[in-house]
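The structure under discussion appears below in the form of structure tokens.
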Amino acid sequence: MAAATAADVAEDTASVYSGKLTLYVFLTCGVAATGGLIIGYDIGISEQTAQGTSQYCKFNSQPLTAFTSSLYLAALVASFFVASFTRALGRKWSMFGGGVSFLAGATLNGAARNVAMLIVGRILLGIGVAFCGLSTPIYLSEMAPPRLRGMLNIGLQLMITVGIFSANLVNYGAAKIRGGWGWRVSLGLAAAPACVIAVGSLFLPDSPSSLINRGRHEQARRVLRRIRGTDEVDDEYGDLVAAASEIEVYSGCSARRRPWRDVLQRRYRPQLAMAVLIPFFQQLTGINVIMFYAPVLFKTIGLGGDASLMSAVITGLVNIVATFVSIATVDSLGRRKLLFQGGCQMLVSQVIIGTLIGVVFGTSGDGNISRALAVCIVVFICVYVAGFAWSWGPLGVLLPSEIFPLEVRPAGQSISVAVNMLCTFAVAEAFLPMLCHMRFGLFYFFSGWVLVMTLFVSAFLPETKGVPIEKMTVVWRTHWMQMHTFKWQTAKFEMHNATAV
């Protein structure tokens, strides 16, 4: 029922809304999406020196994992404050704040002379990730034409993959620098993508939805005309204004001052459940086993140092190419089909990878892997990365940014970012000890979660392709999880009106 309703809304919109994909909105979304570069670059800069003898435990360095994951703990805390900033000042200045914070953190890390400077730098990087991770997906979803929202939003994920790939190349080159200062290059070059988003955001307009929410209606209309390339924007503008005012119908105008309280109300529970579970599941796909410690994993299966970094570059290229597949298909095939297909692909790949590693190293972790088997494992890792890159990778960012109504959108996205950061932190902290103790069974552990999330998508997630972000409430009102809640809210509202009369 939800999917049919979403299709009806999308079809009605296509026949009513004017406008097209203008060069202006394409460039605007392209600049905004570069916020993903700073997130992706940081993911790719972690590399470590081998210790010990067991193929499973040789990289189990707790201080190293603590340094790597400390950024995400800082981002977790910061995300709760960024929501209010984004709502009050707009998406544009939130992205600018993220770029500036990340630039300061990268500068400190590159010039660090002691551990204290590294820690402060990581905290600033985390704040920057919180700003960009919260504001950029919302901005892209609000600026894009409804029928192309998925494609333009996934531009953010594309930039994340480019950032990861760039970091792998930098790591490969920095490892060859004599004198032991190559790590400064790896950390300091994060300032480059930070400058791009910091400077670029100054030239961006704020989104019409954000302007309307702050009472700047005429400016919102002018921006809407420009990004749609037509003066005939009355229908879309009217729907945006109605969406901004809708919450007042149910809760009164005081709701404008309490988005954190409103997002917990009954009528938003299905959206809130998705905003929590989607990033939770995304981090339990096991992607961090591959992308966080790609050099570690390839060294663990017996490849040399240079081969390890080159293998990480290979997975980075697969990540980029597969993200283009998602860009090309997300608005035609839809979100549900990509998530289901990608989940099945990751599930099969992980089981095969775990089995192959188990055959070679067993439970002891002792053994040597042949070149042929190592290549086979790399191939299935690439198949796995491709499945993630056109499903749970980009859609894990897209879906939370498009399902909430305007008034609680920053708060809802903040919760999604916080869950993402918490789970990323937990996985980054736990991965190496888990690899040491669970051995090849770790891949079976993550494949079990992939099975759960694939079944979850089939049973609970409605299709949202083509539905205008300002009409997304229609999808959720007809979702089976929400039907009884909406009827309860309507009855309560009618009773209140009858009592008032």
Side-chain angles (χ1 to χ4, degrees), residues 5-6 8-20 22 24-25 28-29 83-84 86-94 135 137-149 152-153 204-259 262-263 265 267-268 271 401-413 464 466-477 486 489-490 493 497:
T5 302
D8 292 341
V9 174
E11 184 177 353
D12 292 342
T13 299
S15 63
V16 174
Y17 283 2
S18 300
K20 55 187 178 181
T22 62
Y24 179 73
V25 77
T28 296
C29 290
S84 298
T86 302
R87 180 174 175 272
L89 298 182
R91 293 35 164 163
K92 167 182 177 174
W93 292 111
S94 184
S135 57
I138 293 178
Y139 182 84
L140 293 171
S141 289
E142 291 177 345
M143 292 291 284
R147 70 183 186 280
L148 298 174
R149 184 175 61 248
L152 292 176
N153 191 290
L204 298 179
D206 218 334
S207 70
S209 294
S210 178
L211 291 169
I212 289 172
N213 192 49
R214 289 179 284 144
R216 301 180 182 181
H217 291 260
E218 286 306 313
Q219 186 179 353
R221 189 187 288 270
R222 288 196 301 270
V223 171
L224 192 59
R225 289 195 189 106
R226 189 172 185 186
I227 64 177
R228 297 294 181 255
T230 178
D231 291 333
E232 299 177 2
V233 296
D234 290 343
D235 291 321
E236 185 172 2
Y237 175 77
D239 286 340
L240 287 170
V241 173
S245 305
E246 184 176 5
I247 194 171
E248 298 181 21
V249 174
Y250 294 98
S251 302
C253 62
S254 62
R256 291 190 176 276
R257 297 190 295 270
R258 55 181 195 185
D262 288 334
V263 77
Q265 292 182 2
R267 65 178 177 275
Y268 300 134
Q271 295 99 312
S401 73
E402 67 180 3
I403 60 177
F404 284 99
L406 174 61
E407 186 59 31
V408 296
R409 194 171 296 149
Q413 181 69 8
T464 56
V467 180
I469 195 169
E470 62 272 14
K471 292 186 176 181
M472 197 64 68
T473 53
V474 175
V475 176
W476 294 98
R477 286 176 184 173
F486 178 65
Q489 287 283 354
T490 303
F493 177 66
N497 282 348

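Start at 1 with the first residue, then count along the sequence. Quantities reported herein were computed from a predicted structural model and do not represent experimental measurements.
At least one donor-acceptor pair under 3.5 Å links the side chain of T22 to the backbone N or O of I227. For R149 (side chain) and A144 (main-chain N/O), no donor-acceptor pair under 3.5 Å exists by modelled atom type.
Once rounded to the nearest 0.5 Å, the distance linking CG of L224 with CD of E236 reads 4.5 Å. Rounding to the nearest 0.5 Å places CG of L406 at 11.5 Å from OG1 of T473. Between the CZ atom in R87 and the CG atom in N213 there is a gap of 5.5 Å [rounded to 0.5 Å]. To the nearest 0.5 Å, atoms CD (Q413) and OH (Y139) are separated by 15.5 Å. Between the CZ atom in R409 and the CD1 atom in I469 there is a gap of 3.5 Å [rounded to 0.5 Å]. Once rounded to the nearest 0.5 Å, the distance linking NE2 of H217 with CG of L211 reads 10.0 Å.
Judged by distance alone, the side chains of E142 and S210 never bring a donor and an acceptor atom under 3.5 Å apart.
Residues passing the side-chain hydrogen bond (donor to acceptor under 3.5 Å, both in side chains) test with S141, sequence neighbours excluded: N153, S401. For I403, the side-chain contact (heavy atoms from CB on, under 4.5 Å) partners are Q271, M274, W476, not counting sequence neighbours.
One finds a salt bridge joining R214 and D206 here, because a Lys/Arg side-chain nitrogen approaches an Asp/Glu carboxylate oxygen to under 4.0 Å.
Residues R221 and D234 come closest through the heavy atom pair NH1-OD1, 2.9 Å. Heavy-atom minimum distance, P208 versus L240: CB-CD1, 4.0 Å.
Within 6.0 Å of CZ in R226 there are 12 or fewer heavy atoms belonging to other residues, nucleotides or ligands.
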